[in-house]
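Taking it in order: structure first as structure tokens, then the write-up.
For ligands, and for the atoms within them, numbers begin at 1 and follow the listed sequence.
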Amino acid sequence: MNSQGTTQGAARGRGTRIVHSITQVRRAVAAWHGQELTVGFVPTMGALHAGHRSLMRRSKRLCDRTVVSVFVNPTQFGPREDLRAYPRPLSADLKACREEGVDLVFVPSVATIYPEGFGTKLKVGDLGNLWEGRSRPGHFDGVATVVLKLFSIVTPDVAIFGQKDLQQSVVIRRMVSDLNLPVRVVVSPTVRENDGLALSSRNVYLDRLSRNASAGIYQSLRWARAQIKEGETRAGRLRTRMRRMIEDGGYFSLDYIGFCDPLTLTEKAGARRPLAILVAVKCVTPGPAQGRRYIDNLVIR
Ligand code: PAF
């Protein structure tokens with residue numbers, strides 16, 4: 001880092017600037033906007049994988065400049081969720097941003113985002129209490145608060161989120177619409193392993209057997225989609241068989257399977273299109289993955 005708190009990346013093309021202060025982000029983005037360049041933004045908590053890279057590529061296709069933030073946001077972790085153990089492989093993350101030709105990486109400290117005396121928090125309402133929110137009370141309030149702050153710092157034209165966290169993207173869209181924020185939200189398809197497991201920074205914790213069994217999550221979603229396309233609408237029947245596929249072998253226990261409206265996430269009585277099928281499971285295998293949540297979804301239009 002140099003005296004301005006800036007690290008210059010050995011990057012492709014224009015170069016990747018790494019900055020730590022709000023002023024530096026504001027200056028860079030204001031200069032781009034001054035040249036009528038559009039700015040895409042990918043907010044992340046680091047531990048970047050191919051899923052994040054696909055969001056960066058989407059941003060680069062859509063916009064003239066791309067900003068990525070790397071910030072492990074404490075306000076979206078519950079008291080029983082281990083914030084301290086969250087992976088923070090910063091040099092690998094910066095390398096990934098350079099390789100993807102990101103223009104600016106914003107790596108703020110916790111004190112930069114939440115200075116002493118910070119007290120204003122967003123409440124996302126009922127949407128935040130559904131599905132993931134039921135198991136993670138307050139989680140989406142924390143996500144919305146930090147994303148609103150990041151939007152107000154970065155002032156992007158477009159922000160890109162992954163479909164894997166479907167409820168998060170619905171919460172963000174709601175916030176953008178409720179608060180009239182001048183940003184377009186784009187949701188990019190989930191990136192998967194060859195056997196269908198959705199990419200997640202938590203996948204590294206799965207041992208060989210639970211990793212093999214984790215393929216059942218996506219298999220169950222695909223099976224349900226095929227059934228629905230053939231005319232099945234009985235959510236109960238679909239859920240029973242999906243649960244069996246997910247829990248087969250005893251590596252995972254189901255938290256929920258939701259059949260809901262893709263825009264509002266309200267539950268549907270029957271599995272009728274347009275439909276989002278949400279799945280959340282907990283790994284029960286003794287070892288580093290034990291107790292961790294894995295989520296996935298499919299949207300059927
Ligand atoms: O999806 C994530 O990584 C986080 O929830 C986000 C959007 C960066 C907010 O901290």
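- Judged by the 6.0 Å distance and 45° axis criteria, Arg192 is positioned over the aromatic ring of Tyr218.
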Once you restrict both partners to nitrogen or oxygen, which atoms of ligand 1 have a protein partner under 3.5 Å, and how far apart are they?
residue, atom, partner, partner atom, Å
ligand 1, 1 (O), Gln168, OE1, 3.4
ligand 1, 1 (O), Gln168, NE2, 2.8
ligand 1, 5 (O), Gln76, NE2, 3.0
ligand 1, 5 (O), Gln168, OE1, 2.6
ligand 1, 10 (O), Gln76, OE1, 2.6

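- Between Arg243 and Thr240, the side chains place no donor N or O within less than 3.5 Å of an acceptor N or O (distance only, hydrogens not considered).
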Check: residues 62-71 side-chain donor-acceptor pairs under 3.5 Å, at least two apart:
residue, atom, partner, partner atom, Å
Asp64, OD2, Thr38, N, 2.7
Asp64, OD2, Thr38, OG1, 3.1
Thr66, OG1, Ser59, OG, 2.7

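- Here His33 pairs with nothing under the ring pair (Phe, Tyr, Trp, His ring centres under 6.0 Å) rule; sequence neighbours left out.
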Atom pairs and distances, donor-acceptor, side-chain atoms in residues 105-123, under 3.5 Å, two or more places apart:
residue, atom, partner, partner atom, Å
Ser109, OG, Ala111, N, 3.4
Ser109, OG, Thr112, N, 3.1
Ser109, OG, Thr112, OG1, 2.9
Tyr114, OH, Asn73, OD1, 2.6
Tyr114, OH, Thr75, OG1, 2.9
Lys123, NZ, Asp141, OD2, 3.1

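- Side-chain N/O atoms of Ser135 and Asp255 include a donor and acceptor closer than 3.5 Å.
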